[in-house]
Amino acid sequence: MARCWLMKSEPDTYAIDDLARDGTTLWDGVRNYQARNYMRDDMKVGDRVLFYHSSATPPGVAGLAEISADATPDATALDPDDDHYDPKATDADPRWVVVELRHVETFPEVVPLATLKADPALAGMLVIQRGQRLSVQPVEPAHFDRVVALARGR
DNA sequence: GCCAACGTTGGC
DNA sequence: GCCAACGTTGGC
């Protein structure tokens, strides 16, 4: 059974429209161990993803994606010229991973964080918790489906 | 721009 | 191993 996830991106850096244009993208630059462990250990091809715009107006879920390749080493950690370079990463122990995301759908309108917070059906969803900064989060299937329904105006 | 929350680092 | 200091995230 495919799992469900929420992945955050600042649209100024990489937005759902960029993913729609590219088709697929390598999700690089993650430098948080919990997020990495989810990507490395639990994400599998075919998993469903809520694509979330953070630090946006408004912040919220902008569309859907799916995992199109399992975790592989993150080359940006090994590149001294890259913003995400990690001097502790080596070829033998790359430390960080990427997964590949494929665009599935761009919602007609972003489902705002405020809407998620106001929906009783989404009580307990991680992204609406105060102080929840994790950029890769597991999502319960019922919550995932509810967000999709909200995007459809239902 | 502010600030709360959280993760990481490094001295001890 | 503790914990203070610092850096980052991200909503508002």
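Letters A, B, ... mirror the listed sequences (proteins, then strands); counts begin at 1.
Of the charged side-chain nitrogens involved, none lies within less than 4.0 Å of a carboxylate oxygen, so that A/R31 and A/D86 do not count as a salt-bridged pair. Salt-bridge check for A/R146 with A/E140: failed, with every basic side-chain N at 4.0 Å or more from each acidic carboxylate O. Comment: A/K44 does not engage A/D47 in a salt bridge, judged by the lack of any side-chain N to carboxylate O separation of less than 4.0 angstrom.
Of all nucleotides in DNA chain B, those with any atom nearer than 4.0 Å to a heavy atom of chain A start and finish, going 5' to 3', at B/dA4 to B/dT9.
Paired with A/W5 under the rule ring-ring contact (aromatic ring centres under 6.0 Å, His included), one option of A/F144, A/Y52, A/Y38, A/W27 passes, and it is A/Y38.
A donor-acceptor pair under 3.5 Å links the side-chain atoms of A/R36 to the main chain of A/R95, judged by distance alone.
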